[in-house]
Amino acid sequence: MQSYAEVMRDFVENHATLLAVVFIAGAGLLAFRRWMAGPACRSKVRLDGKTVLITGANTGIGKETALDMAQRGARVILACRDMTRAHIAADDIRQRSGNGNVVVKKLDLASLQSVRDLAKDVLENEARLDILINNAGVALCPKWTTEDGFEMQFGVNHLGHFLLTDLLLDLLKKSAPSRIVIVSSLAHETGRIHFDDINLDKDYDSQVSYCQTKLANVLFGRELAARLRGTGVNVYSLHPGAIRTELPRHMLASYALWKRVIANLLFFLIKNPWEGAQTTIYCAVDESVANSSGLYYSDCAPKMPAPQALDDAAAKKLWDLSASMVGLG
């Protein structure tokens, strides 16, 4: 009777080519996975005595960002729509970080009144605001509208954050040096601003809408940086990477079963939420970008955005339109 070692040797000799292919493929997948993960923020900066507000911080990269800020000693405000999930997330962050100064405040970006209520709360009850992270978003949803009648993706991803940022600017200036971090996406590269049909009422397409909002994020950051020059408030927009989060749930729900199975398998090759949060964290705390403003980042480094994201005339036009839509003078 052959020994176990002999059986294994015979198997390897008879299937050498197959085993080599499997090994190479596995090594390739591991290398691809590592490449997709991207770099991590290496800054050891402490945030003791600082206050950070993060929208949509109860899950995904928002929660990972909040955890990192709490571990650095900051007072962290989770501004979220779902208060039950937000309180669960806050409890988890307090336990994992050892920082009890993590609070929850209500924010529904699909309601301008909710945005104003949160801003009023912050201005009345917070002595400072050092970092504002506009992280929350919705992606590829059906043709829904916000409480104020705006197309949902544009209303949540851009207009809600536009108003919130404007209302908190005085506190950010008072707390300077301070930072505003805007989470955008590589999707901005195929976006354009439909100034003649901003809500896409004529021909709604969820992908077109999403790309428009991500371009709006970068243009907003560019114009905001120009307006804040000399105030000590710096602005950063970024692409976090392809990430395993809840964001594409509306898209996946429309897929056939076999497409959902393939998509879920592919998700294991892309960034997890901790990896996806690294560029946000980098823009929020890293010393090397302390004197930068208005730039676009990816994988913890400045990157050149799409040409349409460098259009200063479009950025100003979008600002004026957005201000009119949310009722700012």
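All values derive from a computational prediction rather than experimental measurement.
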For [Y], does its backbone N or O pair with a side-chain atom of [X] as donor and acceptor, under 3.5 Å?
{"X": "Ser324", "Y": "Asp320", "answer": "no"}
{"X": "Glu275", "Y": "Asn272", "answer": "yes"}
{"X": "Ser114", "Y": "Asp108", "answer": "yes"}
{"X": "Asn135", "Y": "Gly56", "answer": "yes"}
{"X": "Gln153", "Y": "Leu140", "answer": "yes"}
{"X": "His188", "Y": "Ala306", "answer": "yes"}
{"X": "Asn234", "Y": "Ser293", "answer": "no"}
{"X": "Asp82", "Y": "Thr84", "answer": "yes"}
{"X": "Asn58", "Y": "Ala89", "answer": "no"}
{"X": "Glu287", "Y": "Val45", "answer": "no"}

Problem - Residues Asp170, Lys174: salt bridge by 4.0 Å N-O rule - result: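 No, no charged N to carboxylate O under 4.0 Å.
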Problem - Asp68 and Arg72 ion-paired at < 4.0 Å - result: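 Salt bridge between Asp68 and Arg72, a charged N being under 4.0 Å from a carboxylate O: yes.
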Take a 6.0 Å sphere around [atom1] of [X] and say whether it holds more than 12 heavy atoms from other residues, nucleotides or ligands.
{"X": "Arg229", "atom1": "CZ", "answer": "no"}
{"X": "Asn291", "atom1": "CG", "answer": "no"}
{"X": "Lys143", "atom1": "NZ", "answer": "yes"}

Handout entry: Criterion side chain to side chain contact (heavy atoms under 4.5 Å, CB included) on Leu163 and Leu159, from CA distance to verdict
Key = CA-CA 6 Å; Leu163 178 60; Leu159 290 177; over 6 Å; no
Quick check for you: to the nearest 0.5 Å, what is the distance between [X] atom [atom1] and [Y] atom [atom2]?
{"X": "Arg179", "Y": "Ile133", "atom1": "CZ", "atom2": "CD1", "result": "10.5 Å"}
{"X": "Met83", "Y": "His87", "atom1": "CE", "atom2": "NE2", "result": "4.0 Å"}
{"X": "Thr165", "Y": "Leu53", "atom1": "OG1", "atom2": "CG", "result": "9.5 Å"}
{"X": "Arg85", "Y": "Cys80", "atom1": "CZ", "atom2": "SG", "result": "9.5 Å"}
{"X": "Asn134", "Y": "Ser237", "atom1": "CG", "atom2": "OG", "result": "11.0 Å"}
{"X": "Leu238", "Y": "Ser298", "atom1": "CG", "atom2": "OG", "result": "8.0 Å"}

In terms of side-chain heavy atoms, does [X] have a donor or acceptor partner in [Y] at a distance below 3.5 Å?
{"X": "Thr213", "Y": "Asn157", "answer": "yes"}
{"X": "Thr279", "Y": "Asp299", "answer": "no"}
{"X": "Glu151", "Y": "Ser209", "answer": "yes"}
{"X": "His158", "Y": "Ser322", "answer": "yes"}

What's the shortest heavy-atom distance between [X] and [Y], and which atoms?
{"X": "Arg128", "Y": "Leu171", "result": "CA-CD1, 3.8 Å"}
{"X": "Val76", "Y": "Ile54", "result": "CG1-CD1, 4.2 Å"}
{"X": "Asn217", "Y": "Lys214", "result": "OD1-NZ, 2.8 Å"}
{"X": "Leu78", "Y": "Ala57", "result": "CD2-CB, 3.6 Å"}
{"X": "Leu109", "Y": "Ala136", "result": "CD1-CB, 3.6 Å"}
{"X": "Gly221", "Y": "Ile182", "result": "CA-CD1, 3.7 Å"}

So, do [X] and [Y] sit near enough that their side-chain heavy atoms are less than 4.5 Å apart?
{"X": "Ile193", "Y": "Gln212", "answer": "yes"}
{"X": "Ile131", "Y": "Ser178", "answer": "no"}
{"X": "Phe162", "Y": "Leu328", "answer": "yes"}
{"X": "Ile198", "Y": "Met325", "answer": "yes"}
{"X": "Pro39", "Y": "Gln278", "answer": "no"}
{"X": "Asn99", "Y": "Gln71", "answer": "no"}
{"X": "Tyr236", "Y": "Ile180", "answer": "no"}
{"X": "Met304", "Y": "Leu310", "answer": "yes"}

Connected via hydrophobic side-chain network under 4.5 Å: [X] and [Y]:
{"X": "Leu200", "Y": "Leu321", "answer": "no"}
{"X": "Leu186", "Y": "Val181", "answer": "no"}
{"X": "Leu167", "Y": "Val233", "answer": "yes"}
{"X": "Trp274", "Y": "Val52", "answer": "no"}
{"X": "Ile61", "Y": "Tyr282", "answer": "yes"}

NZ or CZ of [X] within 45° of [Y] ring axis and under 6.0 Å:
{"X": "Lys317", "Y": "Phe195", "value": "yes"}
{"X": "Lys303", "Y": "Tyr296", "value": "no"}
{"X": "Arg222", "Y": "Trp319", "value": "no"}

Handout entry: Test applied, side chain to side chain donor-acceptor pair (under 3.5 Å); reference residue, Lys105; option that passes from Asp117, Asp121, Thr55
Key =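 That would be Asp121; it is the only one of Asp117, Asp121, Thr55 passing the side chain to side chain donor-acceptor pair (under 3.5 Å) with Lys105.
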Exercise for the section: I would like to know whether Leu47 and Val285 meet side chain to side chain contact (heavy atoms under 4.5 Å, CB included); could you show each step before the answer? Expected result: CA-CA 9 Å; Leu47 296 175; Val285 304; 4.0 Å; yes
Practice task
Might you work through the side chain to side chain contact (heavy atoms under 4.5 Å, CB included) test for Lys63 and Ile93, ending with a clear yes or no?
Solution key: CA-CA 8 Å; Lys63 182 181 177 184; Ile93 291 168; 4.1 Å; yes
Handout entry: Worked check of salt bridge (charged side-chain N to carboxylate O under 4.0 Å, His left out) between Arg96 and Asp92
Key = CA-CA 6 Å; Arg96 292 168 64 188; Asp92 183 52; 3.1 Å; yes
Exercise for the section: Kindly determine whether Leu118 and Lys106 satisfy side chain to side chain contact (heavy atoms under 4.5 Å, CB included), including the steps that lead there. Expected result: CA-CA 7 Å; Leu118 171 70; Lys106 174 74 173 181; over 6 Å; no
